[in-house]
Enquirer: 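Please find one structure pasted underneath; my questions will follow.
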There are 2 protein chains.
Amino acid sequence: MARPTIKDVSKLAGVSIATVSNVVNGHPNVTDSTRSKVEDAIHKLGYQANRAARSLPAGQTGLLGYRMPDGKRLNVSLDTFLHQIVEHAGAIGLEVLLFAPRPGQTEQEAYSEVLIRGGVDGFVLSGIDYHDPVVKYLLERKVPFAAFGRADEYPGAAWVDVDGAEGLRLATEHLIESGRKNVAFIGWPAGSLTGDERYRGWQQAMLAAGRDIDNATVLRVLDGYEIGISLTRQLLDSGVDAVACVSDTLALGVMAGLRRLDLVPGEEMAVVGFDNVSAGELVEPGLTSLDQPMADVASELVGRLSRILRGENPGQGLLLPPRLVVRGSTSIPV
Amino acid sequence: MARPTIKDVSKLAGVSIATVSNVVNGHPNVTDSTRSKVEDAIHKLGYQANRAARSLPAGQTGLLGYRMPDGKRLNVSLDTFLHQIVEHAGAIGLEVLLFAPRPGQTEQEAYSEVLIRGGVDGFVLSGIDYHDPVVKYLLERKVPFAAFGRADEYPGAAWVDVDGAEGLRLATEHLIESGRKNVAFIGWPAGSLTGDERYRGWQQAMLAAGRDIDNATVLRVLDGYEIGISLTRQLLDSGVDAVACVSDTLALGVMAGLRRLDLVPGEEMAVVGFDNVSAGELVEPGLTSLDQPMADVASELVGRLSRILRGENPGQGLLLPPRLVVRGSTSIPV
DNA sequence: CTGAAAGCGCTTACAG
DNA sequence: CTGAAAGCGCTTACAG
């Protein structure tokens with residue numbers, strides 16, 4: 001009934017605990033016959049190495065840390081992301097340790113505390129920005145991590161991101177191709193990594209199509225549903241007939257704004273968002289948006305992290321393309 | 001630079017490591033002067049006990065396990081819930097270990113594996129149902145846990161739930177009071193703990209108001225947005241002018257169904273959901289729904305678990321009332 | 001290829 | 001009230 005230990009296995013198999021350890025850890029120099037004796041015993045006993053005991057001499061914990069984001073940043077579907085991370089980590093024998101800064105603690109202190117407690121082998125980060133202090137901190141201390149977010153500022157960093165510029169290029173091209181004359185952009189204030197990239201994509205598509213950028217409508221606002229609503233009047237007054245938004249939150253706001261003015265989203269004004277949140281399917285007509293390939297992001301992140309942990313090269317930063325999901329908010333013919 | 005150990009502290013403070021350990025663990029029999037010497041050293045060194053080293057002799061890990069739900073069950077806003085769990089756990093020095101069954105592994109095996117690896121001190125469960133095998137399994141093995149979900153089937157179990165019957169009572173009363181004549185119920189097939197409770201609430205409110213239950217419209221369906229849409233015609237044909245739904249997903253479906261028939265939700269038919277998902281605020285008019293007090297649920301769960309871990313009585317099962325959030329889908333006067 | 005032994009950083013009786 | 005010592009369950013050189 002009690003949890004079997006390495007001793008139990010060694011007794012049953014008639015070998016030393018060192019040999020059991022060698023088998024468990026896949027060391028090469030073990031006879032086939034010894035190996036199978038040990039494996040039988042392990043199987044019979046249902047043995048699994050105790051994590052704490054393993055961690056102590058080896059200095060590896062089998063744990064990967066993830067800081068619970070504040071919930072303020074809505075640009076990641078936490079649910080799906082975490083799910084994927086947990087599953088991919090599980091596939092290579094790692095579990096996920098969740099933590100959050102305690103009241104009065106800075107973000108960095110939270111990471112440091114986890115580290116000092118001997119908590120994890122490495123971290124998965126998400127939502128990083130320019131000059132991210134956590135990235136800097138971990139890099140300095142040579143703590144393994146992989147970031148969801150373009151960390152190309154730092155040569156050594158392992159990162160994966162979804163290509164926001166490509167996303168807004170796709171969105172804007174789609175709007176232009178469907179015959180829209182005056183395609184506006186609603187973004188966040190300049191200076192955020194994610195926001196600036198997405199703006200760049202809109203710009204590129206507009207220029208490529210020969211549109212006049214200088215006289216196009218560009219609104220830079222904080223993220224928010226109500227903010228989206230409040231922008232609608234202004235967009236209509238400027239003669240805008242399509243708007244590419246930096247986020248679904250803003251896009252859904254504009255859709256609601258249109259509806260409150262008794263206009264139909266997709267007719268008077270086409271709207272595209274970014275993130276493909278579930279609410280986008282639940283409004284009428286559906287919101288066209290950019291879907292982030294979360295499963296790929298997670299598997300690439302975990303892959304990079306596990307390579308670092310094995311002392312290998314994590315590989316280059318990776319930019320994954322988002323996928324345009326077309327729904328009613330852009331598909332009603334002009 | 002290297003992580004300080006208990007030895008470093010003991011040297012700096014001029015005491016034995018046993019004394020440092022006693023101070024760290026708040027043992028009573030330590031002189032004030034000794035204590036403060038040790039505390040100074042701890043502070044100076046930034047010492048934190050290594051979790052693995054602590055876990056090994058003490059048999060406690062400082063970790064609390066949570067199984068990543070499948071994502072199939074939409075009745076819990078995972079994001080908020082986990083957030084709250086992590087924060088409340090952090091406040092009492094516990095961190096959260098996330099795990100998921102690997103492919104081919106049953107749920108029970110996943111729990112068992114975490115346990116065998118010496119993974120956690122206890123579990124937080126969510127989304128439990130009648131005769132839940134995991135609850136039974138943990139109870140048999142006397143593994144500490146606290147469940148989000150009514151586990152009153154099992155006398156010893158620690159649980160917290162949101163009162164679904166009360167929720168649907170509130171919803172149905174609200175519909176009746178606002179003058180609706182024919183209040184339908186859309187629920188899941190009988191036999192789920194959560195679904196049955198919510199049905200009971202509708203029933204009670206209807207009977208209390210003297211409504212004829214036998215001739216009322218009751219639809220039992222699987223959860224789903226499209227399913228909600230497909231039900232709308234039938235509801236209208238039955239002369240239903242209000243519908244209390246077991247979930248926001250179904251409620252949002254009905255709202256979309258109404259809109260596709262060019263009807264206005266809240267006018268021709270009032271709609272109430274359950275969960276208060278964010279999409280409910282983003283549709284026009286907003287969806288009236290029942291908000292679950294996640295922060296309270298989390299704090300009560302963690303509180304119960306920590307009491308069990310300290311060998312105390314966890315306290316009785318707790319039923320928390322949801323809060324009716326009234327929006328456009330029911331507030332347009334008849 | 002296998003095993004005896006040291007050691008990882010703690011906690012916990014037990015002496016003193 | 002404090003400290004020396006054993007031990008938690010592993011891994012890792014190192015002999016043999």
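Since the structure is predicted, the reported quantities are computational estimates derived from the model, not experimental observations. In what follows, chains carry the letters A, B, and so on, assigned in the order in which the sequence lines appear, proteins first and then strands, with residues in each chain numbered from 1.
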Enquirer: Starting at atom CG of A/D32, determine the distance to atom P of C/dC1, rounded to an integer number of angstrom.
Expert: 10 Å
Enquirer: Using side-chain hydrogen bond (donor to acceptor under 3.5 Å, both in side chains) as the criterion, list what pairs up with B/S55, not counting sequence neighbours.
Expert: none
Enquirer: Would you say A/S16 reaches C/dT2's phosphate, i.e. side-chain N/O to OP1/OP2 under 4.0 Å?
Expert: no
Enquirer: Donor-acceptor pairs under 3.5 Å, side chain of residues 147-162 of chain B to any protein atom, not counting sequence neighbours: which ones?
Expert:
residue	atom	partner	partner atom	Å
B/R150	NH2	B/E197	OE1	3.2
B/E153	OE1	B/H131	N	3.0
B/E153	OE2	B/H131	N	3.2
B/E153	OE2	B/H131	ND1	2.5
B/D161	OD2	B/R150	N	3.1

Enquirer: Quick one: ring pair (Phe, Tyr, Trp, His ring centres under 6.0 Å) partners of B/F145, sequence neighbours excluded?
Expert: none
Enquirer: Go through the structure and list residues passing salt bridge (Lys or Arg N to Asp or Glu O under 4.0 Å) with A/E300, not counting sequence neighbours.
Expert: A/R304
Enquirer: For B/T31 and D/dT2, is the shortest distance between a side-chain N/O and OP1 or OP2 below 4.0 Å?
Expert: yes
Enquirer: Mark up nucleotides 6-16 of chain C, 5' to 3', with B wherever a protein heavy atom is under 4.0 angstrom from a base atom, S wherever such an atom reaches only the sugar-phosphate, and - elsewhere.
Expert: -BBBBBB----
Enquirer: Excluding sequence neighbours, so at least two apart, what forms salt bridge (Lys or Arg N to Asp or Glu O under 4.0 Å) with B/R307?
Expert: none
Enquirer: Let me know the distance between NZ of B/K37 and C1' of D/dT2, rounded to the nearest Å.
Expert: 10 Å
Enquirer: Can you tell me which stems DNA chain C forms, taking runs of 3 or more consecutive Watson-Crick or G-U pairs with both distances under 3.5 Å?
Expert: C:1-3 with D:14-16, C:5-12 with D:5-12, C:14-16 with D:1-3
Enquirer: Among residues 90-99 of chain B, which ones have heavy-atom contacts with DNA chain D below 4.0 Å?
Expert: none
Enquirer: Excluding sequence neighbours, so at least two apart, what forms side-chain contact (heavy atoms from CB on, under 4.5 Å) with B/I6?
Expert: B/I17, B/V20, B/S21, B/Y47
Enquirer: Mind checking side-chain contact (heavy atoms from CB on, under 4.5 Å) for B/A18 and listing every partner two or more places apart, or none if nothing turns up?
Expert: B/S16
Enquirer: Tell me, please, which residues at least two apart from A/R54 pass salt bridge (Lys or Arg N to Asp or Glu O under 4.0 Å).
Expert: none
Enquirer: Take A/K136 and A/E140 through the test salt bridge (charged side-chain N to carboxylate O under 4.0 Å, His left out) and record every step on the way to the result.
Expert: CA-CA 6 Å; A/K136 229 179 283 182; A/E140 273 167 16; over 6 Å; no
Enquirer: Sequence neighbours left out, cut at 3.5 Å: what donor-acceptor pairs do the side chains of residues 312-322 of chain B make with other protein atoms?
Expert:
residue	atom	partner	partner atom	Å
B/E312	OE1	B/R310	NH2	3.3
B/E312	OE2	B/R310	NE	3.0
B/N313	OD1	B/G315	N	2.8

